[in-house]
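Just below is one structure, and these are the notes that go with it.
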Amino acid sequence: MGTILLKNGMVYDGLGNPAARQDILINGDRIEKIGCIEETGAEQVIDAQGKIVCPGFVDIHRHCDAKPFNDPEFGRRELAQGITTTVVGNCGISLTPCPASDEGAREMYDFDEAVLGPMELTLPRTYEDYQKGLDSADLPLNFASMIGTGAVKITVKGFSDTPYTQEELDAARDLIEDAMKRGAVGVSLGIMYLPECYSSTKEFAYILEPVGRYGRVITTHIRGEGDSMVESVKEVIEIAKEAGCALEISHFKSCGVHNWQRDIHTAIGLIEEARAKGQDVTCDFYPYEGGSTALTTMLPPVFVAGDMTGALEKLGTPEGVEEFRRLSRVPYEDWDNFCVTLGWERIIISGVTEERFQKMLGMTVTEAAKQFGYEDPEALAADLMHSENGKTAIINMSMCQEDIDTVAKLPYSNFISDAIYAQTDTPHPRMYGAFPKVIREYVRERKLLTMEEAIHKMTGQPAKRMKLEGRGVLAEGNYADILVFDPETFRDHATFQDPARLADGLGYLFVNGTLVIQDDEWLGHICNGRNILAGGK
């Protein structure tokens, strides 16, 4: 790394200010000077005339926790869309903590595979070891990490549906305390998911006490995003209030056709009421109408009854299929049943591990069941979950654009990708295109946001939310994570029909002062990313 001068660009600083024509001098991994720079003797001069210069995008919700350890090609999809920093450990699903026994670790890895991708037993199992692993890994982009309360609960008590004992509560809180000490930027909750769906508001508040004491944030996949969305938002606001910590509501949305253009406004009212009372509450969202997760999220908790392994085995029996069919066709007060509120006709099979199911990729469960001779969608879903040991990934077409736009315009909402890493050729398009889609669609085509607003929601604002010091803002002394692009040509190409397509249109991308992409050409697997700890590093 040496000195690089970016000349004549339209600089968006990441703070939401209008653009200004300025020059930027990069020295090593930092921004040395911003302004009108006449002569510096820089080793390289880049003319950014007619181009936008802005901070690298900060994706605070991505599920690439294990990728630095098991994917030598990791980074290409992320960098091509301008992501230079990511935060992992979201939705209660984190690589660590993890049960010490191989049997316990395997059960957790199998459950998480539809989100984190395939994992081997050689991976780190404590947050300390995870940090050591990241410090020594070749990182193509910057990493900050949280731990998830789902991983905490599995480590302490497996998939049990019984309440925490006091001893278990203390053990869970100790794991969170340890992560705070070691620099975790926050703690994530996945209250919709097993086994967290069995936990109470009081239990969450108790184990999360260290987060408030350390001044960090909780991010949360709420208990229900469909019929119970409003009550679920109330719950997480109360959890954060009792724990004394900041709250980021993850992928904030209202699911289910009959809830559209209604419940989102009620929930926003709850958030703004809490903010008016002094609570630090914000949210994030991704710019697509479909979500992505594991097929096991369609399993009623009453069917699982605290035994995920047993539940998956039971789905391989006629009696188990009939029980699943019966339980999946009724609503629940304490769990959002997407089998009912969405319907199998809006659930797309996006990732499978068995060869015989490959022919179903891209089809809805309803379509595949009919085409391949299953009695009904429940019978196919049961076969998938049983045969693939719960590793099937899905896309649920659960949202409406009007609600997404409402969230997008909130001054405290952040853009995310929520990309999951199931091993598949048909991922959710957000894996490849979330951030340039914002520039193309939300700014240029639909003019929902100004360029400075959109960039702020993808850089300075999320970086500030997670307290990533020196990131997300173009300022003297900050890290030189910088993008240079033509807003007319920088765009996404991934669609639900053809999702595995790289974004293009990046003129230059720098990670910590090192040029990684030039004119869409990836300059080799350059690993200049940093492992970021709370408090800066």
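From a predicted model like this one, the values you see are computed outputs, not experimental measurements.
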**Item:** Close side-chain approach of Val217 to Val185, heavy-atom, < 4.5 Å
**Value:** no
**Message:** With salt bridge (Lys or Arg N to Asp or Glu O under 4.0 Å) as the criterion, how do Asp492 and Arg501 come out once you've worked through the C-alpha distance, each side chain's angles and the decisive distance to 0.1 Å?
**Reply:** CA-CA 8 Å; Asp492 59 311; Arg501 298 184 64 192; over 6 Å; no
**Message:** Does this structure show an ion pair linking Asp110 with Arg106, if we count only N-O contacts that are shorter than 4.0 Å?
**Reply:** yes
**Request:** Test Phe510 against Asn528 for side-chain contact (heavy atoms from CB on, under 4.5 Å), laying out the working first.
**Result:** CA-CA 9 Å; Phe510 296 87; Asn528 197 43; over 6 Å; no
**Partner residues of Thr85 under the side chain to side chain donor-acceptor pair (under 3.5 Å) criterion, sequence neighbours left out** = Asn142
**Asked** What is the distance from atom OG of Ser250 to atom CD1 of Ile416, rounded to the nearest 0.5 Å?
**Response** 6.5 Å
**Request:** Would you kindly say whether Asn389 and Glu113 are connected by a side-chain donor-acceptor distance under 3.5 Å?
**Result:** no
**Message:** Under the ring-ring contact (aromatic ring centres under 6.0 Å, His included) definition, can you give me all pairs with a residue in residues 408-429, not counting sequence neighbours?
**Reply:** Phe285-Phe415, Tyr288-His428, Phe415-Tyr442, His428-Phe496
**Asked** Can Glu128 and Thr96 be said to form a side-chain contact (heavy atoms from CB on, under 4.5 Å), step by step?
**Response** CA-CA 9 Å; Glu128 179 182 12; Thr96 63; over 6 Å; no
**Ile395 CD1 to Thr426 OG1 distance, which is reported to the nearest 0.5 Å** = 7.0 Å
**Asked** Where is the tightest heavy-atom contact between Asn90 and Ser188, given as atom of each residue plus distance?
**Response** C-OG, 3.4 Å
**Message:** How about CD on Glu120, more than 12 heavy atoms from neighbouring residues, nucleotides or ligands closer than 6.0 Å, or not?
**Reply:** no
**Asked** What's the shortest heavy-atom distance between Ala80 and Leu506, and which atoms?
**Response** O-CD1, 3.6 Å
**Message:** Within the 4.5 Å heavy-atom criterion, are Glu225 and Ser232 side-chain neighbours or not?
**Reply:** no
**Request:** Give a yes or no on this: more than 12 heavy atoms of other residues, nucleotides or ligands lie within 6.0 Å of atom CD of Gln423.
**Result:** no
**Asked** Quick one: do Asp280 and Arg275 make a salt bridge, cutoff under 4.0 Å?
**Response** no
**Request:** Using a strict 4.0 Å threshold on nitrogen-to-oxygen distance, state whether Glu196 and Lys153 make a salt bridge.
**Result:** no
**Asked** Is it the case that Arg471 and Asn512 place a side-chain donor and acceptor less than 3.5 Å from each other?
**Response** yes
**Asked** Taking only residues two or more places apart in sequence, or in another chain, which ones meet Thr392 in a side chain to side chain donor-acceptor pair (under 3.5 Å)?
**Response** Glu388
**Item:** Under 3.5 Å side-chain donor-acceptor pair for Ser228 and Asp336
**Value:** yes
**Message:** Would you say that more than 12 heavy atoms from the other residues, nucleotides or ligands in this model lie under 6.0 Å from the NZ of Lys157, or not?
**Reply:** yes
**Spatial distance of atom CG (Asp112) from atom CD1 (Ile420) [nearest 0.5 Å]** = 11.5 Å
**Message:** Do the side chains of Lys234 and Glu238 get close enough for a salt bridge, i.e. N-O under 4.0 angstrom?
**Reply:** no
**Request:** Take Glu453 and Lys409 through the test salt bridge (Lys or Arg N to Asp or Glu O under 4.0 Å) and record every step on the way to the result.
**Result:** CA-CA 9 Å; Glu453 287 172 335; Lys409 290 186 285 188; over 6 Å; no
**Prompt:** Heavy atoms, side chains only, cut-off 4.5 Å: are Leu523 and Ile517 in contact?
**Reply:** no
**Request:** Validate the cation-pi geometry between Lys457 and Phe57: distance from NZ or CZ to the six-membered ring centre under 6.0 Å, angle to the ring axis within 45°.
**Result:** no
**Message:** Can you confirm whether more than 12 heavy atoms, excluding those of Asp405, are under 6.0 Å from its CG atom?
**Reply:** yes
**Item:** Worked verdict on Leu270 versus Ile237 for side-chain contact (heavy atoms from CB on, under 4.5 Å)
**Value:** CA-CA 9 Å; Leu270 294 174; Ile237 290 173; 4.2 Å; yes
**Asked** Looking at Pro499 and Tyr432, what are the two nearest heavy atoms and their distance?
**Response** O-CD1, 3.4 Å
**Message:** Contact between Ile482 and Pro55 at the side-chain level, heavy atoms closer than 4.5 Å - yes or no?
**Reply:** no
**Item:** Spatial distance of atom OG1 (Thr86) from atom CD1 (Ile532) [nearest 0.5 Å]
**Value:** 9.5 Å
**NZ/NE/NH1/NH2 to OD/OE distance under 4.0 Å, Arg173 and Glu177** = no
**Request:** Compare all side-chain heavy atoms of Met146 with those of Ser94 and state whether any distance is below 4.5 angstrom.
**Result:** no
**Asked** Which residue pairs satisfy the ring-ring contact (aromatic ring centres under 6.0 Å, His included) criterion with at least one member in residues 91-139, sequence neighbours excluded?
**Response** Phe69-Tyr130, Phe111-Phe159
**Message:** Restricting to side chain to side chain donor-acceptor pair (under 3.5 Å), what partner residues turn up for Glu235, sequence neighbours left out?
**Reply:** Thr201, Arg223
**Request:** Check step by step if side-chain contact (heavy atoms from CB on, under 4.5 Å) holds for Ile268 and Thr406.
**Result:** CA-CA 10 Å; Ile268 289 169; Thr406 295; 3.6 Å; yes
**Asked** Could Glu78 and Arg62 be called an ion pair, given the rule that one side-chain N must be under 4.0 Å from one carboxylate O?
**Response** yes
**Request:** Verify side chain to side chain donor-acceptor pair (under 3.5 Å) between Thr293 and Tyr193, making sure each step is shown before the conclusion.
**Result:** CA-CA 10 Å; Thr293 186; Tyr193 295 128; 2.9 Å; yes
**Asked** Would you say Leu208 and Val187 make side-chain contact, with heavy atoms under 4.5 Å?
**Response** yes
**Item:** Lys181 bridged to Asp178 by N-O distance under 4.0 Å
**Value:** no
**Prompt:** Got a sec, which residues hit ring pair (Phe, Tyr, Trp, His ring centres under 6.0 Å) with His251, two or more places apart in sequence or on another chain?
**Reply:** His61, His221
**Message:** For a quick test of reading the model, state the closest non-hydrogen atom pair linking Val304 to Ala311 and the distance between them.
**Reply:** CA-CB, 3.9 Å
**Request:** Could you please spell out the steps behind the side chain to side chain donor-acceptor pair (under 3.5 Å) verdict for Gln131 and Asp135?
**Result:** CA-CA 6 Å; Gln131 288 304 308; Asp135 280 338; over 6 Å; no
**Message:** For a 4.5 angstrom cut-off between non-hydrogen side-chain atoms, does His63 reach Cys91?
**Reply:** yes
**Prompt:** Is there a side-chain contact between Val281 and Val236 (heavy atoms, below 4.5 Å)?
**Reply:** no
**Message:** Please tell me whether Ser417 and Asp59 have a donor and an acceptor in their side chains that are separated by less than 3.5 angstrom.
**Reply:** yes
**Complete:** Tightest non-hydrogen contact, residues Gly215 and Lys467, listed as O-NZ, 2.6 Å
**Item:** Pair Lys253 + Asp403: basic N to acidic O under 4.0 Å
**Value:** no
**Prompt:** With a 4.0 Å cut-off, would you call Asp102 and Arg125 a salt bridge?
**Reply:** yes
**Request:** To the nearest 0.5 Å, tell me how far Thr219 OG1 sits from Leu247 CG.
**Result:** 9.0 Å
**Value rounded to 0.5 Å, distance of CG in Leu449 from CE in Met458** = 9.0 Å
**Asked** Considering all heavy atoms of both residues, which atom of Leu509 and which atom of Gly82 are nearest to each other, and what is their separation?
**Response** CD1-CA, 3.9 Å
